[in-house]
Amino acid sequence: MSDDRRKPFPFDVFEPQWQQRWLEEKIFRTPGPGDADFDASKPKYYILDMFPYPSGAGLHVGHPEGYTATDIIGRYKRMNGFNVLHPMGWDAFGLPAEQYAIKTGQHPRITTEANITNFRRQLQALGFAYDWDREVNTTDPDYVRWTQWIFLQLYASYFNEETGKAAPVTELEAQGWTPAQIDDVRLAYIHEAPVNWSPDLGTVLANEEIEEWKAKGHTVERRPLRQWMLRITKYAQRLIDELEPLDWPDSIKLLQRNWIGRSEGAEVVFTIGSAGLQPASKTPSGEAAASPDNQSLITDNCHEVTVFTTRPDTLFGATYMVLAPEHPLVAEITSAEHKDTVEAYIKQCASKSDLDRGDLNKNKSGVPTGAFATNPVNGQQIPVWIADYVMMGYGTGAIMAVPAHDERDFEFATKFELPVVQVIDTNLDAGGTPTLPSTGHGTAINSGFLDGLKTTDAKARMIAWLEENNKGTRKIQFKLRDWLFSRQRYWGEPFPLLWDRETGLHAALPESELPLLQPEMEDFKPTGDPRGPLVNATDWINYSDQYTRETNTMPQWAGSCWYYLRYCDPRNEQRFISKAAEHYWSGTSSLDHSSPIPGNQKSTGTVDLYIGGTEHAVLHLLYARFWHKVLHDLGHLSTSEPFQRLVNQGLILGEDGQKMSKSLGNVVNPDDVVDNYGADALRLYEMFMGPLEQVKPWQMKGVEGVSRFLARVWRVAFEQNQEGEWVTSSKLQGNDGAPPSTTPPGATANSDKALLKVLHETIKKVGEDIERLSFNTAISQMMVCTNAFTAAEKLPTDLLLSFLQILNPFAPHLTEEINKRLQGSVGVPPASQSGLLLSEKPWPPYDEQYLVQDTIELVIQVNGKVRAKLTVAPDTPKEQLEQLARDHENVQQHTAGKTIRKIIVIPGRLINIVAN
RNA sequence: GCCGCCGUGGCGGAAUUGGUAGACGCUGCGGACUUAAAAUCCGUUGACCUCACGGUCGUGCCGGUUCGAUCCCGGCCGGCGGCACCA
């Protein structure tokens with residue numbers, strides 16, 4: 001087919017040429033501290049994309065959305081004198097590569113390399129101004145080395161409760177702590193607990209990952225295993241508090257806060273009579289003196305159980321107690337007559353999948369243990385049940401049930417006919433019987449010394465009472481759990497740890513032996529052995545006569561937790577990042593100049609602007625913050641947060657308004673769009689679709705629209721001659737002999753004045769719109785300007801050159817090509833004189849003098865409705881405007897028979913006549 | 001169920017501080033150029049009434065504040081996202 005004829009301008013020829021030149025001449029190389037051409041006096045701007053996982057499917061149109069946005073901002077900041085760090089890399093470890101390798105028998109390194117090559121080609125075909133010299137790959141041995149080094153920092157640290165910071169465990173050694181005691185506080189520790197084991201994947205998964213893999217059809221079950229954990233819970237409070245000053249969307253902050261799930265309340269200690277005992281005649285036991293945290297056996301017939309509650313003020317309303325089926329005390333307190341039903345129930349719960357346990361929450365189940373607990377506040381004997389609506393993983397795995405004021409307890413109490421005692425009056429004035437359960441605040445009743453107190457005061461009073469009487473303590477509880485950090489995979493960073501064959505103790509691999517890479521293996525299929533496939537690498541495991549190697553590997557999150565740091569100093573062999581690079585790119589070096597960019601003034605976070613999808617709102621962004629804080633505490637980083645400003649791009653839907661998916665056949669391939677319309681058109685369309693953060697559907701007709709716009713820009717500069725060749729447009733007017741300048745000349749003719757006005761309005765608006773990430777309106781304004789240029793009979797070339805300069809960040813290929821082709825004609829100096837590319841030139845200033853208007857249009861309203869329009873000089877006095885408005889024919893018609901009460905004049909906008 | 005976000009023409013969207021609703025683009029319609037088509041260019045395109053001047057309605061629905069509300073407040077309806085027995 002006549003493919004060439006369809007191309008409205010020869011993007012297929014010049015786009016690859018420019019991409020090649022940018023690469024070969026390293027136009028977008030970013031010098032940093034230590035480089036000969038580094039200028040430390042320049043302000044820095046660090047703009048970051050969420051690096052992709054290089055899947056076999058290649059780039060998706062969702063990728064270039066965020067990448068184009070950052071590219072525009074990066075190029076714009078560069079033109080404004082910033083030293084811009086805008087890097088790209090690969091999050092290349094991961095289960096899909098390993099699964100694919102198992103299926104095809106090819107080593108994951110080979111497929112990963114092939115995928116990266118494809119991704120790099122696709123990104124380079126879009127003309128992004130990355131500094132490819134800083135490319136980072138998480139599977140690269142030089143990168144793995146420092147991931148493992150950072151893990152060893154965590155391993156060798158503990159959380160000092162007094163300072164609220166991480167510190168080396170050597171401090172504790174000096175204080176005479178034993179190895180076992182130290183292992184109890186390490187930020188990286190080994191723990192045996194029920195985990196999410198996937199038999200067909202042959203690995204454990206983090207809680208956060210379960211859904212993703214289940215959705216892909218894999219099974220996940222609970223199974224107790226020994227796993228490496230990271231003590232992120234120690235940072236729960238700081239992860240909440242230090243979120244506050246960040247320039248992140250409120251919705252994402254909220255998501256993180258909810259995920260961390262802070263609850264204030266109290267722990268309350270109940271005593272439970274031993275198995276078989278019937279409720280004793282009221283004997284409030286006051287002699288328990290053990291720590292409330294310690295649910296230990298006190299005597300042969302007496303146990304203590306601690307519960308967590310956010311409503312200690314309702315303690316008088318606790319009518320029964322529930323333990324999680326997995327609670328360690330269940331077996332001990334269960335009476336002989338209930339033993340069979342309790343054991344059967346526990347078994348039934350264990351076989352339930354997580355899904356069932358969640359789905360069936362409408363229908364509560366449980367069985368009594370036969371034991372009774374003593375309510376510490378009134379000595380009442382209350383029955384102890386077990387039920388799976390109480391979970392072992394949160395709080396203490398036991399609750400006091402207050403059915404009158406908790407929906408779940410109420411439902412349970414109703415089903416099993418347990419007593420309900422109201423202790424909060426939520427509508428004192430109304431007087432009627434309140435509908436229970438009532439979970440709101442109110443006034444305490446039936447509550448002894450709390451009666452009459454408002455909920456907030458009652459809580460405080462009860463906590464004070466509990467603490468005075470050693471029956472409980474104030475407690476802050478978090479939903480966040482420690483991070484399950486080990487995986488039973490081949491394609492991940494091995495843990496740099498050793499096990500002593502004799503003592504069974506673990507130890508760090510010496511730093512000098514990093515990186516520790518996986519051994520070459522033929523077969524890394526899941527073995528069913530929960531130690532993972534590396535267990536089969538017998539030579540590799542045998543470290544020495546004394547030590548064997550740890551066989552677990554790290555999760556994919558490990559590499560993405562710190563990649564933004566490595567970009568600052570990617571080839572450093574001495575450290576994960578040099579001090580100088582860290583300080584400069586974090587904006588904390590003394591050389592850093594105060595900058596007018598809001599995000600650059602405070603140095604809370606290293607990266608000035610981070611753009612990516614919402615899918616990482618909690619996991620990656622929480623993990624990276626945690627690692628950053630540990631490294632900060634240990635003195636390795638000067639900032640306390642990684643990402644100062646965060647923006648989430650909205651999902652791009654298919655043309656049918658549904659999420660793109662292979663099964664729906666609505667997936668748009670970026671390569672096809674580039675082939676048919678060019679890279680500039682794809683970039684521009686993705687920015688023109690709508691606001692960056694919004695979810696929006698793809699429309700191929702819209703791509704054609706922006707392609708037409710680019711063609712119009714091209715035809716402002718060029719026209720086709722008889723032979724069909726593109727030659728300089730006859731409308732372009734060089735200012736003969738006058739020296740070329742970066743700013744347009746003043747108005748030389750009346751016809752130029754309107755063009756100058758629209759150009760300078762455009763320069764102003766596009767700059768402002770880039771700053772506020774409103775790319776769609778910036779493009780809209782550039783279309784307005786182009787339409788004016790197209791309509792003009794004659795156009796001074798300087799105006800076009802200024803326009804190309806501001807369009808360059810959006811459509812870099814087209815603009816460079818036009819600029820180059822115009823050199824040496826129509827008043828443009830030859831390339832030999834001004835060799836700079838547009839991308840290397842400064843952003844043009846706009847001139848206020850061209851923006852002033854001779855006349856303005858005012859709207860005249862009568863009672864808020866537009867009745868007339870008025871064209872006047874901008875400085876027309878108010879009195880005159882009022883008179884003009886009154887005199888207007890149409891206004892008089894609408895005010896006839898009415899009295900004018902008031903005239904409101906909004907300068908430059910409107911006049912509103914209030915009449916009735 | 002709880003928390004959060006969003007509802008504007010036939011479609012994507014604009015209106016930046018409460019001040020002309022619908023910029024810009026797509027689609028549709030009419031025209032120019034062409035033997036014809038494509039491409040390009042010009043005009044038009046919220047609904048309704050009117051020959052016209054002009055008028056009425058209109059930003060999910062109902063109400064409020066205001067000279068004036070897409071924007072602020074209260075109550076509903078619908079869609080999307082997150083969490084999901086978190087005590």
Side-chain angles (χ1 to χ4, degrees), chain A residues 2 5-6 8 249-255 257-259 261-263 265 307-311 314 322 357-362 364 387-391 393-402 406-409 411-412 477-481 614-615 617-618 651 657 685 688-691 693-706 708-709 711-712 715 720 765 768-769 772 774 776-784 786-787 790-791 857-869 889-890 893-894 901-916:
Chain A
S2 50
R5 229 181 57 182
R6 298 176 68 109
D250 287 338
S251 58
I252 300 297
K253 289 187 182 181
L254 194 70
L255 236 45
R257 252 185 263 119
N258 289 345
W259 190 265
R262 183 184 194 272
S263 295
V307 302
F308 172 72
T309 177
T310 55
R311 294 296 297 272
T314 62
V322 186
R357 209 163 154 168
D359 258 9
L360 297 174
N361 65 28
K362 284 275 179 334
K364 296 221 169 7
D388 68 356
Y389 84 92
V390 173
M391 291 165 301
Y394 181 74
T396 62
I399 63 155
M400 62 178 218
V402 186
D406 182 280
E407 285 176 20
R408 297 150 300 178
D409 297 345
E411 196 188 324
F412 192 80
Q477 190 65 242
F478 295 96
K479 276 200 276 188
L480 184 71
R481 319 280 168 89
T614 343
E615 66 271 20
V618 275
L651 196 67
Y685 173 64
F688 187 62
M689 290 173 83
E693 298 182 63
Q694 194 167 302
V695 177
K696 41 209 179 279
W698 185 272
Q699 293 184 326
M700 210 49 98
K701 282 285 184 190
V703 185
E704 281 179 34
V706 292
R708 270 201 283 269
F709 160 64
R712 279 162 78 91
R715 289 196 312 270
Q720 267 175 311
K765 180 156 175 61
E768 288 169 354
D769 283 353
R772 63 189 186 101
S774 180
N776 55 331
T777 53
I779 293 165
S780 160
Q781 180 63 38
M782 288 189 284
M783 288 172 167
V784 169
T786 303
N787 290 345
T790 300
E857 192 180 60
L858 287 185
V859 161
I860 307 173
Q861 296 181 338
V862 178
N863 292 332
K865 292 191 176 180
V866 180
R867 295 302 176 189
K869 289 178 181 177
E889 189 190 351
N890 206 31
Q893 270 180 28
H894 284 274
R901 303 289 176 191
K902 200 170 16 169
I903 300 183
I904 294 154
V905 178
I906 308 294
R909 294 268 183 190
L910 56 74
I911 301 157
N912 190 12
I913 298 171
V914 185
N916 59 13

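Just so we're on the same page: letters track the sequence lines, and every chain starts at 1. No experiment lies behind these values; they were computed from the predicted model shown.
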Separation of B:C26 atom P from A:I779 atom CD1, nearest Å, is 13 Å
Can you tell me the Watson-Crick or wobble partner of B:C26, both distances under 3.5 angstrom? B:G10
Rounding to an integer number of angstrom, what distance separates B:A47 and B:C83 when you compare their C1' atoms? 43 Å
Can you tell me how far C1' in B:U44 sits from the matching atom in B:U27, rounded to whole Å? 13 Å
Could you check A:Q477 against A:V784 and say which one's nearest nucleotide on RNA chain B is further toward the 5' end? A:V784
For B:U16, does the base pair up with any side-chain atom of A:K765 as donor and acceptor (N or O, under 3.5 Å, distance only)? yes
If I take atom CE in residue A:M783 and atom C1' in nucleotide B:G12, what distance separates them, rounded to the nearest angstrom? 12 Å
What is the distance, to the nearest angstrom, from the CE atom on A:M689 to the C1' atom on B:G13? 11 Å
Please pick, from B:U16, B:C24, B:G12, the nucleotide with the shortest atom-to-atom distance to any side-chain atom of A:S780. B:C24
Would you give a per-nucleotide map of nucleotides 65-71 of chain B, 5' to 3', where B means the base has a protein non-hydrogen atom under 4.0 Å away, S means only the sugar-phosphate does, and - means neither? --B----
Sidechain-backbone polar pair: A:T786 side chain, A:M782 backbone, donor-acceptor under 3.5 Å: yes
Closest to the A:K479 side chain: B:C3, B:C83, B:A23? B:C83
As its Watson-Crick or G-U partner within any shown strand, both distances under 3.5 Å, B:C2 has B:G82
Please report the closest heavy-atom contact between A:D409 and A:A401, naming both atoms and the distance. OD2-CA, 3.3 Å
P-based separation of B:C72 from B:C85 [nearest Å]: 35 Å
Mark yes or no for whether A:Y685, through its side chain, and A:Q699, through its backbone, hold a donor-acceptor pair below 3.5 Å. yes
Whether A:K696 side chain and A:Q694 backbone form a donor-acceptor pair below 3.5 Å: yes
Under a 3.5 Å limit for both distances, which nucleotide forms a Watson-Crick or G-U wobble pair with B:G68, could you say? none
Side-chain touch A:V866/A:I860, heavy atoms, less than 4.5 angstrom: no
Atom CD of A:E407 and atom P of B:G1: how far apart are they, to the nearest Å? 11 Å
Separation of the C1' atoms in B:G58 and B:C48, to the nearest angstrom: 11 Å
Searching all strands shown, indicate the nucleotide that pairs with B:A32 (Watson-Crick or G-U wobble; both distances under 3.5 Å). B:U40
Say we look at B:G9 and B:A23: how far apart would their P atoms be, to the nearest angstrom? 13 Å
Side chain of A:K696 (C-beta onward), nearest among B:G12, B:A14, B:C57: B:G12
A:F308 and A:T396: which non-hydrogen atoms are nearest, and at how many Å? N-OG1, 3.9 Å
Regarding A:V695, tell me which of base, sugar-phosphate or nothing describes its non-hydrogen contacts under 4.0 Å with the strands shown. sugar-phosphate
Please report, rounded to the nearest Å, how far the C1' atom of B:G13 is from the CD atom of A:Q699. 10 Å
Checking understanding here: a glycosidic angle within 90° of 0 is syn, the rest anti, so what is B:G54? anti
A:E615 atom CD, over 12 foreign heavy atoms within 6.0 Å: yes
Which whole-number value in Å describes the distance from A:L858 CG to B:G19 P? 15 Å
Scan A:K869 against the nucleic acid and name what it touches under 4.0 Å (heavy atoms): base, sugar-phosphate only, or nothing. base
What pairs with A:R262 under salt bridge (Lys or Arg N to Asp or Glu O under 4.0 Å), at least two apart in sequence or on another chain? A:E264
Spell out yes or no: do the side chain of A:K364 and the base of B:C85 have one donor N/O and one acceptor N/O closer than 3.5 Å? yes
Selected nucleotide, minimal atom distance to A:R909 side chain, candidates B:U20, B:A15, B:C85: B:U20
Considering every strand shown, what is the Watson-Crick or G-U wobble mate of B:U16 when both distances are under 3.5 Å? none
Output yes when at least one side-chain N/O atom of A:S263 is less than 4.0 Å from OP1 or OP2 of B:A87, else no. yes
Counting only side-chain heavy atoms from C-beta out, which of B:C3, B:A14, B:G12 sits nearest to A:N258? B:C3
Where do A:N912 and A:K902 land on the side chain to side chain contact (heavy atoms under 4.5 Å, CB included) test, with the steps shown first? CA-CA 8 Å; A:N912 190 12; A:K902 200 170 16 169; over 6 Å; no
Just to be sure I understand the rule, does A:I399 reach a base, reach only the sugar-phosphate, or reach nothing, if contact means heavy atoms closer than 4.0 Å? base
Distance between P atoms of B:C57 and B:A21 (Å, rounded): 13 Å
Judged by atom type as modelled, is there a donor-acceptor pair below 3.5 Å linking the side chain of A:N890 to the main-chain atoms of A:R867? yes
For nucleotides 39-55 of chain B, just jot down a letter per nucleotide in 5' to 3' order: B, S or -, based on protein non-hydrogen atoms under 4.0 Å. -SS------------SS
Checking base pairs now: Watson-Crick or wobble, both atom distances under 3.5 Å. What partners B:U59? none
Looking only at heavy atoms, which two atoms of A:V905 and A:P907 are closest? And how far apart? O-CD, 3.5 Å
Whole angstrom value for the distance that separates P of B:C6 from CD of A:Q694: 10 Å
What is the distance, rounded to the nearest whole Å, between atom CG of A:L255 and atom C1' of B:A84? 13 Å
Distance below 4.0 Å between A:K865 side-chain N/O and B:C57 OP1 or OP2: yes
What heavy-atom pair brings A:W259 and A:K479 nearest, and what distance separates the two atoms? O-CB, 3.9 Å
For B:C51, the nucleotide meeting Watson-Crick or G-U wobble distances (both under 3.5 Å) is none
For B:C77 and B:C62, measure between their P atoms and round to the nearest Å. 15 Å
Rounding to an integer number of angstrom, what distance separates B:G63 and B:A14 when you compare their P atoms? 29 Å
For atom CZ of A:R909, is the number of surrounding heavy atoms from other residues, nucleotides or ligands below 6.0 Å larger than 12? no
